[in-house]
2 protein chains.
Amino acid sequence: MNESRTRRRGEELIKAIHDAALEEVIEVGAGRLTMDGIARRAATPRTTLYRRWADPIDVLLDALYHQHPVEEPTPGADDLRGDLIRALRLMVEWAFSPAGRAVAAILTDPRSVALMSDALFERVFAGRGGTFTRTVLEHYAERGHFPAALLTPVVADIGEALVTKRLIDAAAPPTDEDLAAIVDQAILPAIGLGPSSARGS
Amino acid sequence: MNESRTRRRGEELIKAIHDAALEEVIEVGAGRLTMDGIARRAATPRTTLYRRWADPIDVLLDALYHQHPVEEPTPGADDLRGDLIRALRLMVEWAFSPAGRAVAAILTDPRSVALMSDALFERVFAGRGGTFTRTVLEHYAERGHFPAALLTPVVADIGEALVTKRLIDAAAPPTDEDLAAIVDQAILPAIGLGPSSARGS
DNA sequence: AAGGTAAGATACAAGCGCGTAGCTAAGCAA
DNA sequence: TTGCTTAGCTACGCGCTTGTATCTTACCTT
């Protein structure tokens with residue numbers, strides 16, 4: 001009987017557990033996350049979990065910490081509007097990834113938030129979740145496409161904020177038209193590129 | 001021993017349980033909400049809860065449903081900017097109320113969302129949580145302060161979206177200066193009232 | 001080939017939330 | 001006052017999660 005061909009160890013096992021934690025939190029929520037649930041999903045005894053982590057949230061935060069950083073938007077040619085839309089689309093993709101969903105689940109769980117270290121918050125948020133459009137906007141501001149003074153913290157947040165609200169309000173993911181509307185009607189006017197100059201299609 | 005002077009009944013008891021449910025969900029999160037916890041906090045036997053509700057989320061949703069609708073912003077004199085700031089302040093106040101925090105806790109809990117009826121969603125959200133600035137904007141658009149065509153769904157969401165992001169990112173509530181920045185740098189430009197005409201202080 | 005490391009399979013008692021049942025007694029109305 | 005309704009109290013068995021302990025065995029290193 002060659003059933004258990006491979007017994008997972010080290011990296012491989014840990015990755016399986018991390019994945020299980022992310023899947024589990026998406027399904028049951030941060031509050032109902034248990035060692036049992038994660039272990040069952042990862043098909044490993046609980047003992048293995050306790051050897052490394054103290055509680056389910058610990059596993060989850062560790063899983064998030066070891067996620068690959070999200071892709072950075074790379075401003076391309078001379079297309080501010082298009083780059084902004086692409087940046088927002090990157091954000092939407094991240095939001096629908098296991099990591100993105102897990103972060104959403106965690107953020108409103110009192111216990112999880114309390115245990116969330118600044119380091120993780122930095123890594124998951126300030127580092128990426130919060131600034132998709134900022135990279136693009138800074139790029140074009142430096143090149144004089146619009147006054148750099150207009151690129152305030154508030155303005156840098158407009159796109160992400162509106163997409164976030166869309167994700168909360170509606171079940172379906174925003175279409176490219178939705179993202180374009182956000183860019184045209186909110187971001188571009190804020191940096192002085194109103195309908196007069198940005199009216200493309 | 002006149003300990004148990006009053007035995008609560010009907011309305012009074014239900015309100016105590018509703019309050020307990022809201023407090024409980026804020027403290028432990030939607031996932032860890034239990035009949036036991038609510039009952040303990042309301043100082044009533046679990047039996048009483050089961051007589052009316054099937055599970056903890058049921059209690060919580062009922063509590064939210066019976067909350068007083070949030071105050072509507074009332075556009076005042078001739079002060080669009082000031083009215084917008086006041087509308088956002090109303091939103092911040094609601095967000096920090098027990099009901100506001102409870103809604104936040106629920107929205108990312110898979111089980112709760114699944115049980116949330118359209119009626120409740122309507123009453124709690126579309127009805128109020130989503131549109132503080134819209135009321136104000138519509139008022140001034142009708143009076144020709146700016147082109148009504150610019151008041152798109154996206155534009156109506158800008159203020160709420162940015163405040164929401166602020167609430168998620170930062171622990172401290174936004175100050176009036178923060179709200180003013182949102183109005184000046186994001187909302188007003190979007191309706192064609194950029195720095196040239198809105199530069200107040 | 002030998003030995004150390006760590007995963008896998010049990011098993012266990014303790015604690016808690018669940019849902020129900022039975023009873024007592026307070027509040028309210030006729 | 002009588003009697004209906006309903007809150008308060010206690011208790012039970014069930015199942016799940018917890019944290020730990022013990023043993024076997026696969027994998028990796030030397």
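Reckoned from all heavy atoms, side chains included, excluding hydrogens, waters and symmetry mates. In this text the structure is predicted, and so the values were computed from the model without any measurement. Below, read A as the first sequence line, B as the second, and so on, with proteins coming before strands; counting in each chain starts at 1.
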query = Backbone N or O of T175(B) within a donor-acceptor pair of the D178(B) side chain at under 3.5 Å?
reply = yes

task = Please check if the side chain of R32(B) supplies one atom and the backbone of G31(A) the other of a donor-acceptor pair under 3.5 Å.
result = yes

ask   = Taking 4.0 angstrom as the limit, do R86(A) and D79(A) come out as a salt bridge?
value = yes

query = How close or far is atom P of dC18(C) from atom CZ of R32(A), stated in whole angstroms?
reply = 10 Å

key: Integer-rounded Å distance: dG27(C) C1' and I14(B) CD1   = 15 Å

Test item: R166(B) side-chain N/O and A172(B) main-chain N/O as donor-acceptor pair under 3.5 Å = yes

Short side-chain donor-acceptor distance under 3.5 Å, E160(B) and T133(B) = yes

note = E11(A) atom CD is separated from dA6(C) atom C1', nearest whole Å, by 14 Å

task = Examine distances only and state if a side-chain atom of R143(B) and a backbone atom of H139(B) form a donor-acceptor pair shorter than 3.5 Å.
result = yes

Anything under 3.5 Å between a protein N or O and an N or O of nucleotides 4-8 of chain D, put it in a table, one pair a line.
{"residue": "dA7(D)", "atom": "OP1", "partner": "R52(B)", "partner atom": "NH2", "Å": "2.3"}
{"residue": "dA7(D)", "atom": "O3'", "partner": "R8(B)", "partner atom": "O", "Å": "3.3"}
{"residue": "dA7(D)", "atom": "N7", "partner": "R51(B)", "partner atom": "NH2", "Å": "3.0"}
{"residue": "dA7(D)", "atom": "N3", "partner": "R7(B)", "partner atom": "NH1", "Å": "2.9"}
{"residue": "dG8(D)", "atom": "OP2", "partner": "T44(B)", "partner atom": "OG1", "Å": "2.4"}
{"residue": "dG8(D)", "atom": "N7", "partner": "R51(B)", "partner atom": "NH2", "Å": "3.4"}

message = Between D83(B) and L80(B) (side chain of the first, backbone of the second, donor and acceptor by atom type, cut-off under 3.5 Å), is there such a pair?
response = no

key: Derivation and outcome, side-chain contact (heavy atoms from CB on, under 4.5 Å), residues V163(A) and F132(A)   = CA-CA 11 Å; V163(A) 167; F132(A) 287 86; over 6 Å; no

note = Per-nt protein contacts along nucleotides 12-19 of chain D (heavy atom under 4.0 Å; B base, S backbone sugar-phosphate only, - none) come out as -----SBB

